[in-house]
Number of protein chains: 2
Amino acid sequence: MENALTRQRKSTLADIAAKTGYGTNTVSLALRGSTRISQAARDTIIKAAEALDYVPNNTAKALVLKRSNTVGMLVEYLTNPQPTAVATALQREMSDRGYSVLFATSSTPEQEAAAIEMFRRHMVDGLLIYPVDHTNLSHLHRLRERNFPVVMLVGARDTGLDAVGVDEFQASYDATTHLIALGHKRIGALGPTKDKPLKIEGFRHAHRVHGLPLDERQIYEPVGFSMAAGYDGMAILAERDLGLTALFAASDMFALGAMRWAKVKGVSVPEQLSIVGYDNIEYGEFSNTTLTSVRNDGGTLAKAAVERLIALMETDGPLPPPTLTLLPGELVVRESSSRPGRRSWASGQTDKL
Amino acid sequence: MENALTRQRKSTLADIAAKTGYGTNTVSLALRGSTRISQAARDTIIKAAEALDYVPNNTAKALVLKRSNTVGMLVEYLTNPQPTAVATALQREMSDRGYSVLFATSSTPEQEAAAIEMFRRHMVDGLLIYPVDHTNLSHLHRLRERNFPVVMLVGARDTGLDAVGVDEFQASYDATTHLIALGHKRIGALGPTKDKPLKIEGFRHAHRVHGLPLDERQIYEPVGFSMAAGYDGMAILAERDLGLTALFAASDMFALGAMRWAKVKGVSVPEQLSIVGYDNIEYGEFSNTTLTSVRNDGGTLAKAAVERLIALMETDGPLPPPTLTLLPGELVVRESSSRPGRRSWASGQTDKL
DNA sequence: TTGTATGCGTTATCAC
DNA sequence: GTGATAACGCATACAA
């Protein structure tokens, strides 16, 4: 059967060998710049390779070397600019170091498993992953047990895996503490509670430490990952009529959705509702009311993750014990958070409440 | 030399053959569900494969089949949510069809060439690309001449290449015409003029068609691709003191940056400055003043591009003539565009002007 | 229904 | 310095 690539035969080492009169072995060495080959031979061979538009076949190389110089990168969504920026930086870093990147997205554990198997078929040398469910990492543990290099892009402690990420718990604690310090007593929260509970746990922890009672109904997990989800989530929190004067959003996407909700409902930010986000995406900085948020340095994060992955991939034999690189998240205070105002909006000011 | 993947030997067809007593050939056929193999044999072989945690080696398969079931995806940035969403959709579509995606980013023609060579090394079966420079596609023509499937994600006519994209020229014409119809006489433009001139050409065309004079200084090409670049670009246009009452931004990122500029400078949108963006990103919809923009259906675009690429990849022999799929961009009118107000801001109202 | 031999393009080993 | 030869893991043609 004819197939796609038979159309135009790619030239091979053998072609160059035939053209120059050398053996394929010599050609291979020459093209890789071996000094064992005479200068003259190298020149003619390189010239012939260019003339034939020769491109080395990584697939054949991988087969014999048992390494593909390729890594897998698995991300959940690319709707959030923060992980997206990190993904871009990861790709650049890997590329600079001579690695190619196979890319996949997954929003369920099943898709994640399928993507990982795809990566394995492609003989990737390692894996960079934003796992879907931070509370169940057994499949990643299995990979590590087989000495397969995996670096998780999550700032979580005690996972038994290599991980690089912002200290989500601490940063969320700080963000919430900022609101508490401003005098807020009833703070809503929008964020994941099941799969990725660390941020909301930081939120809870701040309440405990500062002796502030917390009603479970102050917390809501938006459905999906968008500003629309943040908008809807804020609407649901508002309906609960808990007298909220502030909101902690585990993502700027949610925060900006909530800010839009406030605008639509005539609730003023920050006078009637303070909002703190997370990720410090550019929109937050350019919003009409600029958004207080947690900044995390995606570039540093990507570099650290790539360095760790490469270290693991270059290790012969058993992998070294897992390492955790926890980067600090820095709270950037902007216009959207202030001391609670006199007027509340929960007491029926808005249309629907 | 030991290397990364020698750590844990991956099991192969030969391992399964050894374990079950069949030949590798039988095992290969059985695993691919050939009915030429007896049901009993297939069952034992599949069971053994699972026990050995067998994963087919795509690299070896690609070598013999001369196709990798992998495509390359090349994007410029992932800072703009619109192409990012398309990239995600492309990956999903390819994955659904059994293809893997090698991913790279490039912001210069040199990086683009390097990425394409990387893809060729990996024996990709095809290429999905947002080219950096829409005015010089000779390297892509060369690929096509060799019958290598390439689909460009650009809505440009007469490129001699397969392309799928929004009709940028028409959509930009429409957006500009919208502003002209509202009564604006002096409209600024922020967008690329050299690499990707189609949008600005649409802007120019609208001026020609509607008999509106156009000063070259009304057009500025922002440096980089961010809201900050839009902000700075708007500042530069303002300094030129051209009496602008409206702005056409070739990207919502620029538009939202310009909107922020207006807020900072005390210029009211749309009363003193109407703004029309392009891409219809979510943040425009959730902005304090909602943004008029050009909506393009990324999902449809991705699906069309993938279908075309697959059609090309499944073609035996010479490629069919290139095809252009031009999707319409729909102008979504929101709050940021209106008829010009009485007060202008250019006459010294703002701080610096 | 199953086994054997061959080749994909490359690198590595060992001759010469 | 350079050239054979084997091997990587798989699929195919051809035998049995």
Side-chain angles (χ1 to χ4, degrees), chain A residues 1-6 8-45 49 52-70 120-125, chain B residues 1-6 8-45 48-49 52-69 120-125:
Chain A
M1 183 189 78
E2 276 298 278
N3 57 46
L5 296 184
T6 311
Q8 166 90 25
R9 243 191 108 280
K10 294 180 168 56
S11 47
T12 68
L13 291 183
D15 295 331
I16 303 174
K19 177 163 182 175
T20 57
Y22 289 102
T24 67
N25 178 29
T26 306
V27 172
S28 173
L29 287 169
L31 254 26
R32 283 177 292 158
S34 167
T35 49
R36 285 172 43 191
I37 309 296
S38 69
Q39 187 63 47
R42 269 152 64 189
D43 288 346
T44 42
I45 287 170
L52 290 171
D53 190 36
Y54 172 76
V55 175
N57 186 328
N58 193 274
T59 253
K61 189 171 162 177
L63 195 55
V64 43
L65 293 185
K66 289 180 176 305
R67 57 174 301 149
S68 60
N69 266 284
T70 304
R120 292 219 289 155
R121 282 200 304 270
H122 282 269
M123 271 182 64
V124 297
D125 301 333
Chain B
M1 185 188 79
E2 276 297 277
N3 56 45
L5 294 185
T6 312
Q8 165 92 24
R9 244 189 108 283
K10 293 181 168 57
S11 47
T12 67
L13 290 183
D15 295 330
I16 303 175
K19 179 164 179 173
T20 58
Y22 289 102
T24 66
N25 174 34
T26 306
V27 173
S28 173
L29 287 169
L31 255 25
R32 284 176 293 158
S34 166
T35 50
R36 284 171 44 191
I37 308 297
S38 69
Q39 187 64 45
R42 271 155 58 191
D43 288 345
T44 42
I45 287 170
L52 290 171
D53 191 35
Y54 172 76
V55 175
N57 185 329
N58 193 275
T59 253
K61 192 169 158 180
L63 196 55
V64 41
L65 293 185
K66 290 183 174 304
R67 55 175 300 149
S68 60
N69 266 285
R120 292 219 288 156
R121 283 201 302 270
H122 282 270
M123 271 182 64
V124 297
D125 301 333

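Letters A, B, ... mirror the listed sequences (proteins, then strands); counts begin at 1. Just so it is clear, the structure is predicted and the values come from calculations on it, not from any experiment.
For the pair B:Y22 OH and C:dT4 P, the computed distance is 14 Å after rounding to whole Å. The interatomic distance linking B:R121 (CZ) with C:dT10 (P) rounds to 12 Å, in whole Å. The nearest whole Å value for the distance from the CG atom in A:L29 to the C1' atom in D:dG3 is 11 Å. Residue B:R67 contributes atom CZ, which lies 12 Å from atom P of D:dT12 at whole-angstrom precision. Rounded to whole Å, the distance from CG on B:L65 to C1' on D:dG9 is 12 Å. Taking atom CG on B:D15 and atom C1' on D:dG9, their separation rounds to 10 Å, with Å as the unit. Rounded to whole angstrom, the span from the CG atom of B:L31 across to the P atom of D:dT12 amounts to 14 Å. Across the protein-nucleic acid pair, B:R32 atom CZ and D:dG9 atom C1' stand 12 Å apart, rounded to whole Å.
Considering only the side chain of B:K61, D:dC10 comes nearest among D:dC10, C:dT10, D:dT2. Across C:dT2, C:dG7, D:dT2, the shortest atom-to-atom separation from the side chain of A:T26 is found for D:dT2. Out of C:dT2, D:dA11, D:dG3, the shortest distance to the side chain of B:V64 is found at D:dA11. Each of D:dC10, C:dT10, D:dA4 was ranked by its minimum atom distance to the side chain of A:T12; first place goes to C:dT10. Here the nucleotide nearest the side chain of A:S38, chosen from D:dA13, C:dT2, D:dG1, is D:dG1.
Checked by distance alone, B:N25 brings a side-chain donor or acceptor within 3.5 Å of a matching partner on the base of C:dT4.
Judged by closest nucleotide on DNA chain D, A:T35 is the one of A:T35 and B:S11 placed further toward the 5' end. Residue B:T24 is the one, among B:T24 and B:L63, whose nearest nucleotide of DNA chain C lies closer to the 5' end (criterion: closest heavy atom).
Backbone-only engagement by B:N57 is indicated by non-hydrogen atom pairs under 4.0 Å involving sugar-phosphate atoms exclusively. If you check every strand for non-hydrogen atoms under 4.0 Å, B:A41 touches sugar and phosphate atoms only.
Rounding to the nearest 0.5 Å gives a distance of 8.0 Å between CD1 of B:I45 and CD1 of B:I16. Rounded to the nearest 0.5 angstrom, A:L29 CG and A:T35 OG1 are separated by 9.5 Å. In this structure, the separation between NE2 on A:H122 and NZ on B:K61 is 9.0 Å, given to the nearest 0.5 Å.
Inter-axis angle, ends of the helix from C:dT1-D:dA16 to C:dC16-D:dG1, five pairs per end, rounded to 10 degrees: 40°.
Two residues are said to be in side-chain contact when any heavy atoms from C-beta on lie closer than 4.5 Å; A:I37 and A:Y22 fail this criterion.
Under a 3.5 Å cut-off, the side chain of B:T24 and the backbone N or O of B:L13 do not form any donor-acceptor pair. Without hydrogens or angle criteria, A:T59 side chain to B:A62 main chain gives no donor-acceptor distance under 3.5 Å.
Look at B:K66 and you'll find a side-chain N or O under 4.0 angstrom from OP1 or OP2 of C:dG9.
Across all non-hydrogen atoms, the minimal contact from A:M123 to A:R67 is CE-N, 3.8 Å.
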**Request:** Determine, stepwise, if the pair B:D15 / B:K10 fulfils side-chain contact (heavy atoms from CB on, under 4.5 Å).
**Result:** CA-CA 9 Å; B:D15 295 330; B:K10 293 181 168 57; over 6 Å; no
